[in-house]
> 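Can you read through this structure? Questions will come right after.
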Amino acid sequence: QLQLVVSGGGLVQPGGSLRLSCAASGFSLDWYAIAWFRQAPGKEREGVLCISSSGGSTNYADSVKGRFTISRDNAKNSVYLQMNSLKPEDTAVYYCAAGGVCGSSWGLYRYWGQGTQVTVSS
């Protein structure tokens, strides 16, 4: 079964950090671009960051610049989203997705993880 498994969400105080993981099962991520999307209540799903198969990253959300980074470990068949200096407005369900190329449109991605809740609150 081909799937992406997302983990690492939770409740964190403003200014704190979390690292989300996206692990592939049943296929290799080596040749895929992997993106993180998020969706807050009442808002559309938005692209956050994407990392290409060659390791280059693209940022789609100005609000996370300098705070979030994306990385991949092909040996572990996983991609990570390191989130620092978290703000209440970062509260959302976070998804990872695998596709051929990076892009901000969710329609580009073939495989999706199940999502994990990130809540930033004091």
Side-chain angles (χ1 to χ4, degrees):
Q1 184 178 2
L2 308 180
Q3 60 179 350
L4 295 173
V5 179
V6 180
S7 61
L11 173 65
V12 64
Q13 292 187 343
S17 298
L18 281 176
R19 189 177 82 152
L20 305 183
S21 299
C22 174
S25 175
F27 69 107
S28 172
L29 289 180
D30 287 10
W31 309 112
Y32 285 89
I34 309 298
W36 287 95
F37 285 78
R38 66 184 181 182
Q39 188 165 19
K43 295 187 177 180
E44 293 186 356
R45 189 172 299 189
E46 67 167 346
V48 179
L49 283 162
C50 181
I51 188 165
S52 68
S53 59
S54 60
S57 65
T58 305
N59 190 323
Y60 298 115
D62 288 343
S63 63
V64 308
K65 283 182 180 178
R67 301 188 297 121
F68 290 13
T69 56
I70 189 171
S71 62
R72 66 190 302 155
D73 186 338
N74 287 347
K76 295 183 178 180
N77 214 22
S78 295
V79 171
Y80 307 97
L81 182 67
Q82 178 67 43
M83 305 185 294
N84 298 327
S85 302
L86 282 160
K87 303 176 181 180
E89 51 264 42
D90 295 318
T91 295
V93 178
Y94 285 72
Y95 302 87
C96 68
V101 295
C102 282
S104 59
S105 172
W106 60 266
L108 291 173
Y109 298 89
R110 180 176 183 181
Y111 301 108
W112 286 82
Q114 80 281 12
T116 187
Q117 177 70 46
V118 172
T119 302
V120 184
S121 175
S122 55

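The structure presented is a predicted model; accordingly, all values stated were derived computationally and were not measured.
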> Would you sort out whether Met83 and Val118 count as a side chain to side chain contact (heavy atoms under 4.5 Å, CB included), showing the intermediate values?
CA-CA 10 Å; Met83 305 185 294; Val118 172; 3.9 Å; yes
> Between Ser121 and Thr119, is there a side-chain donor-acceptor contact under 3.5 Å, judged purely by atom types and distance?
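No, no side-chain donor-acceptor contact under 3.5 Å.
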> Supply the members, apart from Tyr80, of the Ile/Leu/Val/Met/Phe/Trp/Tyr cluster built from side-chain contacts under 4.5 Å; use none for a lone residue.
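Same cluster as Tyr80: nobody, lone residue.
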> Are Tyr111 and Leu20 connected, step by step, through hydrophobic side chains (Ile, Leu, Val, Met, Phe, Trp, Tyr) whose heavy atoms are closer than 4.5 Å?
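Cluster IDs for Tyr111 and Leu20 match.
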> Which residue pairs satisfy the disulfide bond (SG atoms under 2.5 Å apart) criterion with at least one member in residues 26-57, sequence neighbours excluded?
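Sorted pair list: Cys50-Cys102.
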> In a check of side chain to side chain contact (heavy atoms under 4.5 Å, CB included) between Leu29 and each of Ile51, Asp73, Leu4, which one passes?
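Exactly one candidate clears the test, Leu4.
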> Excluding sequence neighbours, so at least two apart, what forms ring-ring contact (aromatic ring centres under 6.0 Å, His included) with Trp106?
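If we apply the ring-ring contact (aromatic ring centres under 6.0 Å, His included) test to Trp106, skipping adjacent residues, there are no hits.
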> Any salt bridge (Lys or Arg N to Asp or Glu O under 4.0 Å) involving residues 89-105? Give me the pairs, sequence neighbours left out, ordered by first then second residue.
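Of all non-adjacent pairs touching residues 89-105, those that pass salt bridge (Lys or Arg N to Asp or Glu O under 4.0 Å) are Arg38-Asp90, Arg67-Asp90.
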> Taking the six-membered ring for Trp and the single ring otherwise, decide whether the centroids of Phe37 and Tyr60 are under 6.0 Å apart.
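Aromatic pair excluded; centres sit 6.0 Å or further apart.
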> Kindly confirm or rule out a cation-pi arrangement of Arg110 over Trp31, judged by NZ or CZ under 6.0 Å from the six-membered ring centre and within 45° of its axis?
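No, Arg110 does not lie over the aromatic ring of Trp31.
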> Please list all pairs passing the disulfide bond (SG atoms under 2.5 Å apart) test where one or both residues lie in residues 6-42, with sequence neighbours left out.
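Sorted pair list: Cys22-Cys96.
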> Taking ring-ring contact (aromatic ring centres under 6.0 Å, His included) as the test, write out the residues that go with Tyr95, two or more places apart.
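Partners of Tyr95 under the ring-ring contact (aromatic ring centres under 6.0 Å, His included) test: none.
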